[in-house]
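Worksheet for the structure shown next.
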Amino acid sequence: MSRPATAPAAPSIESTGLVLSAVRKQYTVGPVTTEILKGVDLGVRQGDSLAIMGGSGSGKSTLMNIMGLMDRPSSGSCLLGDRDLLRMDDDERSDLRNRRMGFIFQAFHLLPHLSAWRNVALPLVYRGVSVLEARRLAVEMLERVEMGDRVDHRPSQLSGGQQQRVGIARALIGRPAIVFADEPTAALDRDTGCEIMDQLLRLNSEEGITLVIVTHDRGVARQCSRLVRLENGVIEESAPAPAGPPGGAPG
Ligand SMILES: Nc1ncnc2c1ncn2[C@@H]1O[C@H](COP(=O)(O)OP(=O)(O)OP(=O)(O)O)[C@@H](O)[C@H]1O
Ligand SMILES: [Mg+2]
């Protein structure tokens with residue numbers, strides 16, 4: 001990823017980071033209640049690149065959705081610095097999500113009828129930035145992920161790797177402190193997945209953006225500075241990954 005000379009320092013998450021304690025989540029479908037998270041304790045510090053692994057259905061996406069303020073736990077606490085995320089109302093949570101967090105999804109989740117730049121610009125438009133200014137910033141961001149020659153393409157006119165670059169640009173346009181990526185390389189071939197991971201890790205090491213990545217891929221997890229596993233509804237922290245990138249905090 002090319003970095004503009006004027007790239008500002010990454011905004012920080014609060015110095016104490018994002019701290020989840022005793023987080024539980026249960027779902028009730030018909031007569032059956034299933035507890036997916038059974039008391040998750042997990043801290044994410046500024047500058048971490050944290051990989052979350054665990055079997056399919058273990059609750060990784062559920063956990064990430066709670067950390068990313070897209071869902072609420074059944075009980076437990078989630079603190080960002082001294083702010084209690086669970087006491088915030090939905091408007092405050094949306095605002096915090098929009099201003100401090102970026103999201104990257106396995107299936108890209110781009111809006112099919114919008115061009116690349118309009119997809120990237122959306123978070124800014126939600127903030128009330130003018131379309132002209134949002135376009136300028138979106139094109140700049142697309143150039144940073146080497147998509148400057150595809151700004152008017154719609155998702156169906158792009159390859160999977162290119163769509164994920166657009167997804168990264170959209171996640172970054174609001175200058176988030178923390179980026180959540182749920183299996184960002186799972187829909188991509190190996191080489192393209194490696195390129196996407198390189199971009200994400202460079203954001204972490206060069207710009208200090210905190211990264212949380214859910215992955216099934218050991219190779220991806222090994223590149224992160226911390227690795228945890230979600231098993232039976234709780235978090236197990238593994239030893240720090242041996243070949244983590246420079247700049248990541250030790251686990
Ligand atoms: N909205 C929901 N209502 C009921 N059950 C749900 C809901 N969302 C998730 N679940 C259940 O919670 C469990 C965990 O789902 P989750 O998507 O978090 O798993 P995951 O670890 O991300 O799996 P994968 O690796 O396959 O993506 C699953 O058994 C799923 O059926
Ligand atoms: Mg999942």
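Both ligands and their constituent atoms are indexed starting at 1 by order of listing. This chain uses plain numbering: 1 for the first residue, then up along the sequence.
Scanning all protein heavy atoms for the shortest distance to atom 14 (C) of ligand 1 gives Gly57 O, 3.3 Å. With respect to atom 9 (C) of ligand 1, the closest heavy atom belonging to the protein is Tyr27 CE1, 3.4 Å. Nearest non-hydrogen protein atom to atom 17 (O) of ligand 1 is Ser61 CB, 3.7 Å. Distance from atom 26 (O) of ligand 1 to its nearest protein heavy atom, with residue and atom name: Ser56 OG, 2.5 Å. Looking only at heavy atoms of the protein, atom 13 (C) of ligand 1 is closest to Ile36 CD1, 3.5 Å. The nearest protein atom to atom 18 (O) of ligand 1, hydrogens excluded, is given as Thr62 OG1, 2.6 Å; this is a heavy-atom distance.
Taken together through direct or relayed side-chain contacts under 4.5 Å among Ile, Leu, Val, Met, Phe, Trp and Tyr, Leu111 and Phe103 form parts of separate hydrophobic clusters.
Atom numbering of ligand 1 starts at 1 in the shown order; those under 4.0 Å from a heavy atom of Val29 are 4 (C).
Contact between Gln106 and ligand 1 is absent, with no heavy atom of the residue lying under 4.0 Å from the ligand. The shortest heavy-atom distance from Glu183 to ligand 1 is under 4.0 Å. Not close to ligand 1: Gly54, with no non-hydrogen atom less than 4.0 angstrom away.
Between Asp198 and Arg165 no salt bridge is recorded (no basic side-chain N to carboxylate O distance below 4.0 Å).
Judged purely by atom type and a 3.5 angstrom limit, Asp182 has no side-chain atom pairing as donor or acceptor with the backbone of Val214.
Counting only heavy atoms, the protein gets under 4.0 Å from atom 2 (C) of ligand 1. The nearest protein heavy atom to atom 21 (O) of ligand 1 is closer than 4.0 Å.
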